[in-house]
Structure formats: C-alpha cells, structure tokens
Amino acid sequence: MSVDIQTVKRVAHLARIAVSEDDAQRMTGELNAILGFVEQLNEVDVSGVEPMTSVTPVAMKKRQDVVTDGSKTADIVANAPATDENFFLVPKVVE
Amino acid sequence: MTLIDTRTPDPKRLIPGATGDWEVIIGLEVHAQVTSNAKLFSGASTAFGAEPNANVSLVDAAMPGMLPVINEECVKQAIRTGLGLKAQINLKSVFDRKNYFYPDLPQGYQISQFKQPIVGEGIVTVSVGPDRKGEFEDIEVGVERLHLEQDAGKSIHDQNPTMSYVDLNRSGVALMEIVSKPDMRSSDEAKAYLTKLRTIVRYLGTCDGNMDEGSMRADVNVSVRKPGGEFGTRCEIKNVNSIRFVGQAIEYEARRQIGIIEDGGTIDQETRLFDPVKGETRSMRSKEEAHDYRYFPDPDLLPLEFDQAYVDDLAKDLPELPDDKKARLVESLGLSVYDASILVSEKAIADYFEKVAAGRDGKLAANWVINDLLGALNKAGKDIENAPLSPDQLGGVIDLIKEGTISGKIAKDLFEILWNEGGEPRQLVESRGMKQVTDTGAIEKAVDDVIAANPDKVAQAQAKPSMAGWFVGQVMKATGGKANPQAVNDLVKAKLGIE
C-alpha cells in the first residue's frame, strides 16, 4: 500500500491540519516509508487466526450506573477562549 | 448492506403521478436515548434541563488523558431493547471511532459501533390503521441493527450574531441507533413503525420516548420507484423530531422526487432537512467533502463481550411487551382486537386499563376506558398521565353499574362529576340521590302515567312492538334516568300486552 500526494493532502484536510505543498511532498515520502515498513507484516500467514485486541485476555472494565462526576462547570470551561453564562462560545457554525 | 425487497406493491399505498403510479420506499434510523442515570462512558448525570455544562465530566469534555469506561446499565438496556425487537444479540461487539469535526463534539470523533454492533437483525410487527372500516393491517418491518453510541453536545445559534453557544450536557449520553430495513411503503407505515418502536422502548423502560425533549429522533430515508421496480436513489431527511413531522416529511419528499423524475431529472443522493413551519424538506448545504468518517476500532476500549447466560438473565426479567399483552387481553378477557390494540398502544393506557379491569368485567372496563375516558381525555387535550379520574374511581363507577345501583345513563353523569369535581363514586351516588329506582311500585306508576297520556302511541305500539322503546324512553325521562331500564322494559311490555 502506498499513498500519493493527493491522499496526503486529503487526510491532512480531514484532520484539519494545514500542510504546505513542500511539506505534503516530503510527508508523502515519509508516509510511504512507514507504510512499506508495516507492510512486512503481510508476510506472516494469519489465516484462521482471530484478530486480537490484547496479548493477555482481559475483559472490558465496566462502571455501575451511578452519577459520580459532573458539577464542575468552572473546570470544564476554564481553558475556553470565550464563554458566556458557562456556555462555550465558538465562531458561528451556521449562516 | 444489500437491499432486499420484502413487500409486494399494494395499490392502495401508491402515489399517483403524471406518468402513472409511484411506490415510496422508506427506511428509518431512529436515535433513542438510553434511560440511565449516568452517561455511556463517564459518571456525569444524564438529567435533562441542567445548567449549561453542569452535567459534564472531563471525559465528556475530551480533556487530554481521559479514558472512557463503559456504563454496564447502558449495555443491559441495549440488550433488553434488542430482545424486545426479537433481534439477534451479538455476544461480542466492538466500539469504533467515527471521525468528524463539529464544535459540539469535543473529541473530534463519536464513539459508535460500525462493523460489529451489539444487536443484529430483528423484526417489529406494526399495526397500520385503523382504516375507514376500522380495521388494522399488520406488517412486518425488519430491523437491520441496533448499536450503542455517544450523543453529541448542543449548539445554540441564535444567542449572538457572530458566535454559537455550546453546551456539553448531552455530550456522551448513551444512544441506541436502531436502523430499519427499507420495508415501509407509506408515510402511515413509517409513522406506525415509529409509534410502535416508541411503545416497545417505553414498555421496556429503555428509553423514555419523549420526542419533544429529543430523547427520540429519526433520520428518514426516502426513495421512489415504479411499483416493483429497482430501488431509486434515496435522500436522507435528518433529525425529524415528531411522528407527525415524519409523515409530513415523507409525503413532501416523495412528491418532490416524483416531480423531478417525471420532469426528466435525476435524484441526487443527499442529506436534507425538514422545515416544520413550511412543511417542506430542503437540501442541507452539501459539505465540500462527502462524508468520510474514517471509522476504526477505538483503541481506548476493549471489545464488549458477555455470555449467553447474561442475555438469558435479562430476557427472564423482561416485562410483558405490547404484542403479548394484546394477545392476552384478547384471549383471557375476550376483548376485540381493535379494543386491545388501542389499550396496548401506550404503556400508560395499558397500565391504567389493567388497574380498572382487575377483578372486574374486562369488556365493560375496556368500554369505559376507551369510549369514555380516552374520549374525554382527547377532547380535553390531556394525557392519561394527567387524567382527572384515577383507575380506582373509574373502577368504582363500573362496580356500581354491575351491582345495579346506578343505570348506565346515570353512570355517564357520575363520570362527569368525578371528572370535574372528583370524589368517591359510592358516596356521590348516595349524597346526590343518583341511585337507580328498583322499586317496582314507583316504576309501575310512571309507566301507567305515560300509557294513560298517550293512547295513540299505545295503539301504534300494539301494532308494531318495536315502538315499545319509545315508552321506555319516556319513562326513563320521567324518572330522571334513575329507573332500572330492564325493569322499565319488562313493565312496559307487560302493560302494553306485547312480546
């Protein structure tokens, strides 16, 4: 698998990362090197092997349905550049 | 997903166009907020209507380093709902990240389930109707899947000319997305399906079904085709928040698409919005990028696994569902399918009815609940939750009829009094002298008076026995409706010498 510069620009855009033409050029090379490296894994025959998520079998941790958090509005909005009445304010997202 | 056509085109559901009839194909994606105290992956409260950003944990605000831990109750609720939809429960499911940017989604992705949802295929039996003849038609709507996912926060756009306000209280609340197969063929069917889904989750207690609070909302997929032909291109109408609007949106959208095709155009697959004020759908400004959510398994969450015994335990404690309740009411109480359908249509109505019917004549109880109570509630624009009469009071009225203390006609008056003023039925009957007159002497006198005053009618009745009813009516009137109608009837016939 390899990527072309168009794909790199598209992925950057989807992630909302600004990438210059030069950077995109360079990153295409870097990404292809990484993809090529990972590609070696394809040499291993894994037919019939269930994909696993953990080396040792672990069950997902679960919580009880109890309210244990919240009521910390000041903390929640503390880093927001703009707030009003504890709402986050963001540049208008509809016309 | 491969589309399978499960239905045969039915002429009475087709929409006439300039070039002949058209068939509308509808599928629904319903988002139902899971009833739970805490959110899907955090310990913050799910309560509606809190102060802005009060019910938010650092997990919901996507602060760096915060990790999601699943709320087991939400898992159980999803399984219960799956069981209620007679669906396949998947013992292993996986959470994925659905990536997109929006200010009310602080993570930059929604934790959802894509390839391996917790619930697979199921079936909902939907009663459509009643039609003009008062009959219901049962159709089956397939469920494609049900998966668990996080809700987003709320953006408010009208508070400020240049800024949007964001409240994350809803962010991270558990949703069940229930995806139907494209099995519906009219707006009535879609409305009936959504109504049935809401009834089921309310019976199960897995979602409160309050559409005006946003606890349930539907994305409606609509396409049109010539009857029995290939499926057409569909449009998705997003976030419709009432059952009535779902119907309106489908009617409008189907006709819009038919108009375009008949004018030689083609339908663009797109996302549309329903405007309830204008009653029309319109295109959402299509984003420059087609949806590219780049789903991948969420590395913060292990697969969700449980065994069959876990599912069986939940199945054991499932409440009686509307279809089963309907069958029971028909079989054990002898109610008509029509009456039973109405009584089970909402859990609150069914609960009310069962309290009234307990230890009483089921048919009589059904008549009073459906004709009198629901009729009066409808007229007053009230819900059964706010009925002025308790089941005990209505049951008291029925007891008084059954034991012959009051006549059916007086019972209606008593109902009125209870509705407007409240009180205890038996005491009211005593204090207001509403008791039925069973004293034959008094009734006899009234009958004699009416006969004496109407010799011409007597002759008519002797020629035509059905005229006896007129005398019964007159006597009832003369006794203020308190005479026992059966006794009056017998006496009138005896005195007139007819039978």
Side-chain angles (χ1 to χ4, degrees), chain A residues 1 3-4 6-19 31 34-35 38 41 46 49-95, chain B residues 36-39 41-47 50-61 63 69-77 94-95 99-104 106 108 153 155-157 159-169 285 289 292 294 297 299 301-306:
Chain A
M1 185 190 171
V3 291
D4 57 17
Q6 253 54 51
T7 310
V8 171
K9 284 184 181 166
R10 186 173 141 72
V11 171
H13 172 71
L14 285 169
R16 302 294 186 274
I17 298 171
V19 177
L31 281 170
I34 295 168
L35 289 168
V38 174
L41 289 173
V46 290
V49 180
E50 275 280 300
M52 58 182 197
T53 40
S54 168
V55 180
T56 45
V58 211
M60 178 150 72
K61 261 217 162 74
K62 301 189 182 82
R63 276 184 307 112
Q64 296 299 301
D65 185 29
V66 181
V67 175
T68 55
D69 209 339
S71 303
K72 48 176 68 152
T73 315
D75 288 349
I76 296 298
V77 299
N79 296 324
T83 62
D84 183 19
E85 307 273 344
N86 289 328
F87 283 99
F88 291 95
L89 258 58
V90 298
K92 200 151 206 154
V93 282
V94 288
E95 295 88 45
Chain B
S36 64
N37 299 315
K39 294 182 179 181
F41 294 114
S42 87
S45 167
T46 60
E51 291 296 308
N53 289 310
N55 294 344
V56 181
S57 79
L58 298 176
V59 178
D60 310 317
M63 292 296 170
V69 181
I70 200 165
N71 178 346
E72 183 169 14
E73 178 62 15
C74 298
V75 174
K76 289 182 178 172
Q77 294 286 54
V94 174
F95 285 99
N99 299 279
Y100 68 95
F101 283 106
Y102 204 74
D104 57 25
S155 305
I156 306 168
H157 306 294
Q159 300 287 306
N160 184 294
T162 58
M163 308 292 262
S164 291
Y165 282 49
V166 178
D167 172 14
L168 298 180
N169 281 345
R285 195 154 299 218
E289 213 86 38
D292 186 345
R294 292 152 297 143
L301 291 160
L302 285 159
L304 176 57
E305 292 178 283
F306 40 81

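Below, read A as the first sequence line, B as the second, and so on, with proteins coming before strands; counting in each chain starts at 1.
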For this session: Measure the shortest side-chain to side-chain distance between A/M60 and B/E305 over non-hydrogen atoms and say whether it is less than 4.5 angstrom.
Result: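 SC-SC contact between A/M60 and B/E305 ruled out.
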
Tell me which of these, [options], has more heavy-atom pairs under 4.5 Å with chain A than the rest.
options	result
B/P161, B/S155, B/G108	B/P161
B/T162, B/N99, B/T46	B/T162
B/D167, B/D60, B/L301, B/L302	B/L302

By a 4.5 Å heavy-atom criterion (distance strictly below it), what part of [X] contacts chain B: side chain, backbone, both, or neither?
X	result
A/V77	side chain
A/V66	backbone
A/A82	side chain

For this session: Evaluate whether atom CD of B/Q159 has more than 12 neighbouring non-hydrogen atoms of other residues, nucleotides or ligands under 6.0 angstrom away.
Result: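 Buried by this count: over 12 neighbours within 6.0 Å.
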
Contact class of [X] relative to chain A, heavy atoms under 4.5 angstrom:
X	value
B/Y102	side chain
B/P303	both
B/K39	backbone

For this session: Give the member of A/A59, A/A15, A/A74, A/A80 that has the highest number of heavy-atom pairs under 4.5 Å with chain B.
Result: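 The option with the most such pairs is A/A15.
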
Exercise. Between A/V90, A/T68, A/T83, which residue shows the highest count of heavy-atom pairs closer than 4.5 Å to chain B?
Worked result: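 Highest number of heavy-atom pairs under 4.5 Å: A/V90.
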
Problem set entry | Euclidean distance, A/K62 NZ relative to B/F306 CZ, rounded to 0.5 Å |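 Result: 8.0 Å between the selected atoms.
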
Problem set entry | Chi angles and distances behind the side-chain contact (heavy atoms from CB on, under 4.5 Å) call for B/Y165, A/L89 | CA-CA 5 Å; B/Y165 282 49; A/L89 258 58; 3.8 Å; yes

Exercise. Would you say the side-chain atoms of B/N53 pair up with the backbone N or O of A/N86, donor to acceptor, closer than 3.5 Å?
Worked result: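 Side chain of B/N53 to backbone of A/N86: a pair is present.
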
Specify the closest pair of heavy atoms between [X] and [Y], including all atoms of both residues, with the distance to one decimal.
X	Y	value
B/A54	A/T73	CA-OG1, 3.5 Å
B/N71	A/Q64	OD1-C, 4.0 Å
A/K61	B/V69	O-CG1, 3.8 Å

For this session: Evaluate the side-chain contact (heavy atoms from CB on, under 4.5 Å) criterion for residues B/M163 and A/F87: first the C-alpha distance (whole Å), next the side-chain angles of each, then the deciding distance (0.1 Å), finally the verdict.
Result: CA-CA 11 Å; B/M163 308 292 262; A/F87 283 99; over 6 Å; no

For this session: Please list all pairs passing the salt bridge (Lys or Arg N to Asp or Glu O under 4.0 Å) test where one or both residues lie in residues 64-78 of chain A, with sequence neighbours left out.
Result: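 Checked against salt bridge (Lys or Arg N to Asp or Glu O under 4.0 Å) - neighbours excluded - the pairs reaching residues 64-78 of chain A are A/D69-A/K72.
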
Problem set entry | Partners meeting side chain to side chain contact (heavy atoms under 4.5 Å, CB included) with B/V59 (sequence neighbours left out) |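 Only B/S42, B/S57, B/M66 meet the side chain to side chain contact (heavy atoms under 4.5 Å, CB included) criterion with B/V59.
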
